Amino acid sequence: MPVRVPARRSAGDVLAGLGALVVLVALVGGVPYALLTFVGPPIAPELLDLGVLTSRVGPSTIVAVLVLLVWLAWFQLFLCVLVEVYAGVRRVGMPARVPLSGGMQVLANKLVSAVLLLFTAGAMVAPVAQLTPTPAAPPVTAVAYSAPIVEQELELETRGTRKVYVVQPPHGRHHESLWEIAEKCLGDGRRYPEIYRLNQAKEQPDGTRLRMADLIRPGWVLDMPDDAKNVHVVPADQPREQTLREHPGRADPGPGRGDRAAERDDRADREERRDHQEREERQDREERGTPGHEGKHRQTEPGGQDGRQPIIQERQGELTDYLGAASLAAAGLLFVLARRRREQLWRRLSGRRIARPRDDAAEAEVALRLGGDAPGARILDVGLRLLGAELAAQRRTPPTVYGAHLSPRTLDLWIHPPDNDPPAPWTAQDGGQVWRLPAHEGRLLPDRRSDLHGSHEQAGGAPYPGLVSIGTDAGGRVLIDLEAAQGLINVRGPQTTAALAALAVELATNRWSDRMRITLVGFGQELTAIAPERIRAVGGLAEVLPELEANAAPRREVLTGRISGGHSVAHYLLSAVAPTHEEARRLALLARRDTAGYVVAGDVPHATWTMEIGDDGRARIAELGFEVEAQLLPRRHYRALVDLFRTADRLDGEAIPEAEPLEGLHPPAVEIRVLGPLEIAGLRPLEEGRMELAAELLVYLATHPGGVHPAVLGGVLWPRGVQTTVRDATISRVAAWLGPDHLLTDESGRLRLGPDVRTDWALFRELVRRSHGDPTAMAVLLEKALGLVRGPLLAGRPPGRYAWLAAEDLEYDVTAGVADAAHQLCELRLAHGRPDAAVAAVRAGLLLAADDEGLWRDLLRATHATEDIVRLRAVVEGLTRRAASHPYGGGMAPETEALIEELLPTWRMHVVRESSA
């Protein structure tokens with residue numbers, strides 16, 4: 001543990017430092033000089049003669065061997081000194097261990113520490129980690145300090161006081177974290193576990209307690225280590241509530257403060273407030289009165305210093321940078337989100353739409369839609385299951401896969417030991433070290449789970465559920481298998497928690513695993529909102545170690561069970577809290593014999609693989625030779641995802657906004673049809689390659705009648721940025737395509753469509769609105785409205801386009817509006833004794849709102865009213881088949897099953913008979 005030294009150097013310190021300097025110079029420079037002068041080079045001529053191996057050994061040969069050993073001992077000492085000087089000057093934390101050095105590195109540590117005391121302002125000195133276990137080993141925190149850093153203040157004069165820090169309210173989007181507090185008050189963010197341990201489970205002024213390292217709240221009063229700066233000194237027995245009342249603001253560091261971390265924090269706060277003010281002014285200047293999506297983008301100043309065209313950047317671009325880049329995690333998150341939305345639709349009430357995300361949560365979904373790689377995730381899922389099934393059929397055990405690389409062209413598995421005989425369509429590369437599945441072959445593989453009553457067992461078990469992305473290289477996405485390490489995986493660096501959160505999210509939502517349990521230690525309590533059946537969060541390793549040791553499973557047995565479609569549960573532990581020495585030892589022993597994967601933060605001496613994440617966002621695993629752009633989930637993105645999934649759990653829904661009345665129902669000059677595949681009537685076709693972008697621009701303008709500024713439009717259509725010349729040329733091309741008077745610009749520069757351009761959705765809403773005011777014509781108007789529906793909203797839209805819909809009302813309003821209109825018309829037709837017309841009304845609604853379970857129940861009731869049992873049975877069988885093979889799973893709503901039981905009590909017998917046939 002860090003050892004305190006006096007704040008001022010004494011004469012003894014100076015003498016000790018000078019003496020250590022003399023000894024170091026003598027050892028590092030004097031020893032080789034003496035050896036070269038009096039003995040000779042490291043390798044004597046006698047040792048270069050191969051005949052020495054077969055001839056008799058004489059005195060000269062023995063002397064030559066001894067000289068070589070002395071040279072090797074000096075070289076080892078020299079390496080120890082280099083390592084200690086590097087750690088001391090660069091302050092990198094625990095110095096690297098020089099193999100077989102033992103006491104020699106301890107000696108070098110003491111000499112270097114004494115010398116550096118002569119040249120540094122202060123030091124915190126820690127001995128080199130013991131190479132052998134000791135009975136009372138201190139806890140290993142995220143970093144142990146070996147380099148000298150002199151203290152700048154004396155010990156607290158009495159133990160009657162303590163140092164505390166008051167967690168500050170957020171500034172804009174910035175929230176304080178333990179890492180930032182450690183960086184500001186202790187000089188290094190990696191010391192955050194010290195603050196965590198001092199405050200774990202202690203009651204705070206709001207009555208809550210610190211349970212997770214990444215969850216602190218404004219107004220908490222945290223006990224701080226004695227060497228902390230920029231803190232408050234209070235009586236040791238003072239209640240936290242009184243401390244908060246007396247010290248609500250930041251601590252005054254006093255004159256002459258030298259805390260660079262605090263200066264950086266203050267500067268960041270000022271910059272963030274200035275940036276926020278500029279955004280507010282820009283929004284007020286450009287976007288005043290603009291509804292919906294406007295105000296969420298900004299434009300760079302015209303003309304760059306390098307003379308290139310300026311780039312329009314999305315204000316929320318940071319969300320896209322991280323979430324959009326995590327392509328496999330994005331695909332998994334979208335899949336789970338779609339399943340939640342389907343369950344929301346089961347319980348949707350008439351007249352209300354399901355709750356939609358707002359602010360960062362909505363932007364997070366936009367980023368997921370932009371970056372999600374569903375085809376790549378499917379190739380991983382189906383390809384790995386097929387591989388396991390084929391090997392099981394050949395009674396072969398799958399090889400160890402320690403890594404994978406997914407590119408647009410191939411899926412490569414790096415295996416051990418090499419094997420030149422993979423099952424088709426896999427091929428062997430690099431002498432059998434790589435098994436490759438071409439992407440075009442993977443896309444053709446059947447997913448047997450899409451069959452009626454399909455299951456994971458029929459498709460083959462998941463042989464490698466621990467494959468998870470660590471980042472991207474120039475060619476694609478790099479994954480590692482957490483189980484292949486057969487030991488601890490250590491994660492280090494300033495963004496450790498962000499890396500662990502990214503691992504957790506992808507593991508919890510991937511499709512190439514079956515049953516899985518993920519234990520998060522010291523972080524991630526809110527991630528249970530994303531996958532409650534897979535994720536649990538605990539405060540410390542002590543809570544879970546006994547259970548893990550009791551449930552450890554042999555690797556070969558578990559793997560054999562997986563590929564045969566067994567029910568083994570994959571388990572992975574991700575810890576943001578560094579273990580103690582004893583916990584690290586127990587984890588290391590457990591990881592070597594258990595099939596689970598263990599990823600632990602901190603400086604863990606027993607790790608098999610170590611992933612270093614630098615300040616540049618690069619992740620490196622030296623043992624595997626991997627270096628990638630790290631996949632991270634920073635705090636803001638983490639919160640946005642949690643909010644997104646909490647919204648998807650809401651069952652109360654939201655009121656559907658009332659439609660603006662149309663002046664008339666006359667046919668428009670240009671009609672943009674979105675209630676099905678996109679069609680634009682009244683315009684000539686554009687040249688190939690330009691239609692998709694121009695059509696999307698029209699759809700966005702048509703659904704924002706208040707007008708859109710070109711800067712906003714650029715951020716929507718090109719969310720990753722675009723040159724102003726490209727944006728303006730596209731707008732000009734669309735204006736020429738539309739013709740005069742159809743694309744207008746107001747005084748503030750906003751673009752809007754003219755009154756003779758209309759969407760079929762606007763007409764649909766007008767017909768429904770008028771039906772409510774005319775009971776005699778209600779059925780006719782609703783029938784005309786439903787006649788506009790041709791399929792799902794913007795069906796067949798190109799991948800990567802229309803991601804902005806996630807942050808708009810349109811998707812939610814259209815689904816609810818069409819379903820409600822179909823329900824109302826069904827009820828009217830049934831009331832007038834026309835069940836066939838009721839069936840037709842419901843089927844029209846199902847063209848667009850196929851996941852609205854209320855419509856399926858309407859279809860069952862309307863079909864039952866026709867008194868045609870064969871027809872009813874066909875509807876039930878079709879509904880059952882659809883529920884079993886639905887891409888998002890989940891079966892059918894309990895209310896639907898209950899209605900089927902009431903209308904057709906024998907339905908289950910018919911389903912069983914059909915599946916047997």
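Atom set for the values below is all heavy atoms of this structure, side chains included, hydrogens, waters and symmetry mates excluded. All values reported here derive from a predicted model rather than from experimental measurement.
- Distance alone, capped at 3.5 Å, is enough to place a donor-acceptor pair between the Asn199 side chain and the Ile195 backbone.
- Glu506 places no side-chain N or O within donor-acceptor distance of the main-chain N or O of Ala502, the cut-off being under 3.5 Å.
- Looking at heavy atoms from C-beta onward, Leu527 lies out of side-chain contact with Arg536 at the 4.5 angstrom threshold.
- Expressed to the nearest 0.5 Å, how far CD of Glu363 lies from CH2 of Trp804 amounts to 13.0 Å.
- With respect to the salt-bridge test (charged N to carboxylate O, under 4.0 angstrom), the residues Asp206 and Arg240 do not qualify.
- Heavy-atom minimum distance, Met516 versus Leu507: SD-O, 3.2 Å.
- No more than 12 heavy atoms of other residues, nucleotides or ligands sit less than 6.0 Å from atom CG of Asp615.
- Arg209 and Gln200 are not linked by any side-chain donor-acceptor pair at a separation below 3.5 angstrom, with hydrogens and angles left out of the test.
- When side chains are defined from C-beta on, Val577 does not count as touching Leu541, because their heavy atoms never get closer than 4.5 Å.
- When all heavy atoms are compared, the tightest approach of Leu337 to Ala648 is CD1-CB, 3.7 Å.
- Between Arg191 and Asp227 there is a salt bridge, since at least one side-chain N of the basic residue sits less than 4.0 Å from a carboxylate O of the acidic one.
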task: Start with the C-alpha gap between Ile480 and Met611, add the side-chain angles, then the distance that decides, and say whether side-chain contact (heavy atoms from CB on, under 4.5 Å) holds.
output: CA-CA 11 Å; Ile480 61 172; Met611 184 164 72; 5.6 Å; no
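- Using a distance-only test at 3.5 Å, with no hydrogens or angles considered, no donor-acceptor pair links the side chain of Arg592 to the main chain of Gly487.
- A donor-acceptor pair under 3.5 Å is formed between the side chain of Asn230 and the backbone N or O of Lys184.
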- prompt: Could you walk me through whether Leu574 and Phe523 pass the side-chain contact (heavy atoms from CB on, under 4.5 Å) check?
  reply: CA-CA 9 Å; Leu574 310 178; Phe523 80 107; 4.3 Å; yes
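- Taken to the nearest 0.5 Å, the CG atom of Leu479 stands 13.5 Å off from the OH atom of Tyr402.
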message: Please evaluate residues Leu641 and Leu368 with respect to the criterion side-chain contact (heavy atoms from CB on, under 4.5 Å), reporting the C-alpha separation (whole Å), side-chain torsions for both, the decisive distance (0.1 Å), and the verdict.
response: CA-CA 10 Å; Leu641 284 182; Leu368 295 178; 4.0 Å; yes
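- Salt bridge absent: Arg586 and Glu583 never bring a charged side-chain N and a carboxylate O closer than 4.0 Å.
- By the 4.5 Å heavy-atom criterion applied to side chains, Leu573 and Val521 are counted as neighbours.
- The salt bridge (Lys or Arg N to Asp or Glu O under 4.0 Å) with Glu365 is formed by just one residue from the set Arg356, Arg341, Arg358, Arg340; it is Arg341.
- When all heavy atoms of Ala331 and Ala377 are compared, the pair lying nearest together is CB-CB, 4.1 Å.
- Contact check for Leu500 versus Val599: side-chain heavy atoms found under the 4.5 Å cut-off.
- A distance-only check finds no donor-acceptor pair linking the side chain of Glu612 to the backbone of Gly493 [under 3.5 Å].
- Listed here is the closest heavy atom pair of Ala596 and His571: CB-O, 3.0 Å.
- Evaluation of the ring pair (Phe, Tyr, Trp, His ring centres under 6.0 Å) rule for Phe645 yields no partner, not counting sequence neighbours.
- Geometric assessment of Arg517 against the ring of Tyr572 yields a negative cation-pi assignment under the 6.0 Å and 45° thresholds.
- Using a 4.5 Å heavy-atom cutoff, the side chains of Leu520 and Val538 are not in contact.
- Looking at Glu627 and Arg620, a side-chain N of the basic residue comes within less than 4.0 Å of a carboxylate O on the acidic one, giving a salt bridge.
- For the atom pair CD of Gln204 and CG of Leu244, the computed distance is 9.5 Å after rounding to the nearest 0.5 Å.
- For Thr472 and Glu629, the side-chain atoms include no donor-acceptor pair closer than 3.5 Å.
- Trp512 places a side-chain N or O within donor-acceptor distance of the main-chain N or O of Leu467, the cut-off being under 3.5 Å.
- A heavy-atom distance below 4.5 Å is not found between the side chains of Tyr638 and Thr497.
- Between the CG atom in Asp360 and the CG atom in Leu644 there is a gap of 11.0 Å [rounded to 0.5 Å].
- In this structure, Pro205 and Gly219 approach most closely via the heavy-atom pair CG-O, 3.7 Å.
- Summarising the geometry of Leu587 relative to Pro579, their closest heavy-atom pair is CD1-CB, 4.5 Å, with the distance given to 0.1 Å.
- For the atom pair CG (Leu411) and CZ (Arg477), the distance works out to 13.0 Å, reported to the nearest 0.5 Å.
- Side-chain N or O atoms of Asn510 include one that pairs as donor or acceptor with a backbone N or O of Ser513 at under 3.5 Å.
- Taken from CZ in Arg534 to OG1 in Thr509, the straight-line distance is 8.0 Å, to the nearest 0.5 Å.
- Residues Pro634 and His637 form a side-chain contact, since some pair of their non-hydrogen atoms from C-beta on lies under 4.5 Å apart.
- A 4.5 Å side-chain heavy-atom check between Val491 and Val600 finds every atom pair outside the cut-off.
- Salt bridge annotation for Arg369-Glu808: absent, with no cationic side-chain nitrogen under 4.0 angstrom from a carboxylate oxygen.
- Note on Lys163 versus Asp223: no salt bridge recorded, every NZ/NE/NH1/NH2 to OD/OE distance being 4.0 Å or above.
- Aromatic ring centres of Phe626 and Trp414 lie closer together than 6.0 Å.
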